**Q** 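Would you mind keeping the following structure in view while I ask a few things?
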Amino acid sequence: MLLLEDVHTHYGKIEALHGVTVEVKQGEIVSLIGANGAGKTTLLMTVCGNPQASSGRIVLEGRDITRLPTSDIMRSGIAIVPEGRRVFSGLTVEENLHMGGFFNTKSEIRKGIEHVYELFPRLKEREHQRAGTMSGGEQQMLAIGRALMSKPRMMILDEPSLGLAPLVIKQIFEIIGQLREEGITVFLVEQNAHQALRLADRGYVLETGRIRLQDTGENLLANPDVQNAYLGG
Ligand code: ATP
């Protein structure tokens with residue numbers, strides 16, 4: 001569904017990704033793990049065309065998107081939930097969901113919001129609450145719900161568990177599992193390697209701009225190198 005082939009990305013003269021190859025197949029959850037500064041966010045942003053890859057190829061559902069502007073990529077069936085959630089804090093839950101359905105017709109927006117409320121009853125309970133006054137976990141749910149409004153075939157999530165309490169993290173990972181049940185392909189970037197690999201069909205380990213390991217989530221969890229570096233030994 002999504003293929004990055006030998007992707008290099010630069011910030012000015014500095015190369016942040018040194019030839020990364022990653023594949024996400026339809027219906028999978030693929031987790032990318034790595035330490036601070038490994039280039040995880042850069043990789044996701046390169047898929048979105050900001051920054052663009054300086055060389056290599058990015059193919060989405062058979063179509064080369066490497067040189068497309070971000071606005072076109074965002075209309076190609078991908079939705080991104082960025083790091084830090086970035087909901088519109090002054091707007092209510094419902095208004096945030098409307099913003100996510102920006103390109104949709106009124107009736108699609110109505111159906112979309114109903115669907116998000118079915119998935120996340122907690123958001124329905126808070127439909128008129130301003131997003132900025134909600135807990136971190138609720139804001140993360142809203143960010144995922146807002147991304148769902150564009151009816152994506154693939155969802156990309158950047159560190160959805162960041163700064164959340166363990167119980168809330170568990171809920172967020174359950175929700176991500178539900179996305180797969182909905183038929184949405186998921187590409188997940190996480191520092192919480194344990195949860196991310198447990199959920200994933202396959203995983204990749206990124207170290208200083210290079211893929212060091214790739215395997216099933218299960219095998220990576222059992223890998224002693226991964227355990228020492230990312231799972232606290
Ligand atoms: P974190 O988990 O801390 O967000 P990360 O794995 O997502 O880390 P990136 O944010 O992709 O890592 O950063 C990879 C490298 O690229 C780092 O060395 C970082 O300093 C550099 N970098 C990231 N964004 C920029 C930018 N806009 N301009 C210049 N260098 C950047």
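Just so it is clear, the structure is predicted and the values come from calculations on it, not from any experiment.
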**Q** Tell me, do Lys25 and Met1 make a side-chain contact under 4.5 Å, heavy atoms counted?
**A**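 No, every pair of side-chain atoms sits at 4.5 Å or beyond.
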
**Q** Do Val87 and Ile144 land in one hydrophobic cluster if side-chain heavy atoms of ILVMFWY residues count as linked below 4.5 Å?
**A**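 Yes, same cluster.
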
**Q** Would a 4.5 Å heavy-atom cut-off, applied to side chains only, mark Glu95 and Phe88 as touching?
**A** no

**Q** Using a strict cut-off of less than 4.0 Å between a Lys/Arg side-chain nitrogen and an Asp/Glu carboxylate oxygen, indicate whether Arg212 and Asp225 qualify as a salt bridge.
**A** no

**Q** Between the side chain of Arg146 and the main-chain N/O of Val93, is any donor-acceptor distance below 3.5 Å?
**A**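 Side chain of Arg146 to backbone of Val93, a donor-acceptor pair under 3.5 Å: no, none is there.
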
**Q** Grab the two heavy atoms, one from Ser31 and one from Ala200, that are nearest each other, plus how far apart they are.
**A** OG-CB, 3.3 Å

**Q** Start with the C-alpha distance between Lys111 and Glu108, add both sets of side-chain angles, then the distance that settles side chain to side chain contact (heavy atoms under 4.5 Å, CB included), and finish with yes or no.
**A** CA-CA 5 Å; Lys111 282 191 198 139; Glu108 282 173 336; 5.8 Å; no

**Q** To the nearest 0.5 Å, tell me how far Gln214 CD sits from Leu32 CG.
**A** 11.0 Å

**Q** Determine whether a donor-acceptor pair (N or O, by modelled atom type, separation under 3.5 Å) exists between the side chain of Thr66 and the backbone of Arg57.
**A**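 No, Thr66 side chain to Arg57 backbone: no donor-acceptor pair under 3.5 Å.
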
**Q** Among the clusters formed by ILVMFWY side chains lying less than 4.5 Å apart, do Val189 and Ile176 turn up in the same one?
**A** no

**Q** Test Leu142 against every option in Leu123, Val81, Thr92 by the side chain to side chain contact (heavy atoms under 4.5 Å, CB included) rule and name the one that passes.
**A** Leu123

**Q** Is the closest side-chain heavy-atom distance between Asp215 and Asn223 below 4.5 Å?
**A**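 Side-chain contact under 4.5 Å: no.
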
**Q** Under a single-linkage definition using a 4.5 Å side-chain heavy-atom cutoff for Ile, Leu, Val, Met, Phe, Trp and Tyr, are Leu68 and Leu43 assigned to the same hydrophobic cluster?
**A** yes

**Q** Any side-chain heavy-atom pair from Glu182 and Leu119 closer than 4.5 angstrom?
**A**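 Contact flag for Glu182/Leu119 side chains = yes.
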
**Q** Say whether, by atom type as modelled, one donor and one acceptor occur between the side chain of Arg202 and the main chain of Val30 under 3.5 angstrom.
**A**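 No.
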
**Q** For Leu2 versus Leu60, what's the shortest heavy-atom pair and its separation?
**A** CD1-CD1, 4.2 Å

**Q** For Thr42, check side chain to side chain contact (heavy atoms under 4.5 Å, CB included) against everything at least two apart and list the hits.
**A**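 Applying side chain to side chain contact (heavy atoms under 4.5 Å, CB included) to Thr42 gives Thr9, Tyr11, Ala16, Leu17, Thr46.
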
**Q** What are the two closest heavy atoms between His10 and Ser54, and how far apart are they?
**A**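 Heavy atoms only, the tightest pair is ND1-OG, 2.6 Å.
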
**Q** Side-chain contact, heavy-atom cut-off 4.5 Å: Phe187 with Leu44?
**A**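 The answer is yes, as the side chains (C-beta and beyond) meet within the 4.5 Å cut-off.
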
**Q** Would you confirm whether Lys40, through its side chain, and Ala35, through its main-chain N or O, come within 3.5 Å as a donor-acceptor pair?
**A** yes

**Q** State whether the side chain of Asn228 and the backbone N or O of Pro224 hold a donor-acceptor pair below 3.5 Å, judged by distance alone.
**A**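 Side chain of Asn228 to backbone of Pro224: a pair is present.
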
**Q** With distance as the sole test, does Thr185 use its side chain to make a donor-acceptor pair with the main-chain N or O of Gly27 at under 3.5 Å?
**A**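 Yes.
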
**Q** Can you name the nearest heavy-atom pair linking Leu97 to Ile113, along with the distance?
**A**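 Smallest heavy-atom distance, with atoms named: CB-CG1, 3.9 Å.
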
**Q** Check the hydrophobic clustering (I, L, V, M, F, W, Y; side-chain heavy atoms under 4.5 Å; chains of links allowed) and say if Leu188 and Leu220 are grouped together.
**A** no

**Q** Start with the C-alpha gap between Ile73 and Ile58, add the side-chain angles, then the distance that decides, and say whether side chain to side chain contact (heavy atoms under 4.5 Å, CB included) holds.
**A** CA-CA 11 Å; Ile73 297 170; Ile58 304 174; over 6 Å; no

**Q** Counting C-beta onward and ignoring hydrogens, is there a side-chain heavy-atom pair between Ile184 and Leu148 closer than 4.5 Å?
**A**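 Sidechains of Leu148 and Ile184: in contact.
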
**Q** Could you tell me which non-hydrogen atom of Cys48 sits nearest to which non-hydrogen atom of Met74, and how far apart they are?
**A** SG-CE, 3.7 Å

**Q** In the single-linkage hydrophobic clustering (I, L, V, M, F, W, Y; side-chain heavy atoms under 4.5 Å), do Ile175 and Val116 co-cluster?
**A**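 Cluster IDs for Ile175 and Val116 match.
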
**Q** Look at atom CZ of Arg180 and say whether more than 12 heavy atoms of other residues, nucleotides or ligands are closer to it than 6.0 Å.
**A**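 Count over threshold, so yes.
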
**Q** Step through the shown structure and confirm whether more than 12 heavy atoms of other residues, nucleotides or ligands are within 6.0 Å of CD on Glu125.
**A** yes

**Q** Indicate whether the side chain of Tyr204 and that of Glu23 have a donor and an acceptor atom separated by less than 3.5 Å.
**A**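 Distance-only check fails for Tyr204 and Glu23.
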
**Q** Tell me whether Arg210 is salt-bridged to Glu207, with the criterion being a basic N under 4.0 Å from an acidic carboxylate O.
**A** no

**Q** How far does CD of Gln191 sit from CD1 of Ile33, to the nearest 0.5 angstrom?
**A** 10.0 Å

**Q** Working to the nearest 0.5 Å, report the span between CG of Asn96 and CZ of Arg130.
**A**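 Spacing of CG (Asn96) from CZ (Arg130) equals 10.5 Å.
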
**Q** Grab the two heavy atoms, one from Thr21 and one from Asp6, that are nearest each other, plus how far apart they are.
**A** OG1-N, 2.9 Å

**Q** Any side-chain to backbone donor/acceptor pair from Asn50 onto Met45? Under 3.5 Å, distance only.
**A**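 No.
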
**Q** Show every donor-acceptor pair shorter than 3.5 Å between a side-chain atom in residues 154-173 and any protein atom, with sequence neighbours excluded, or say none if there are none.
**A**
unit_1 : atom_1 : unit_2 : atom_2 : d
Asp158 : OD2    : Thr41  : OG1    : 3.1
Ser161 : OG     : Glu190 : OE1    : 3.0
Ser161 : OG     : Glu190 : OE2    : 3.1

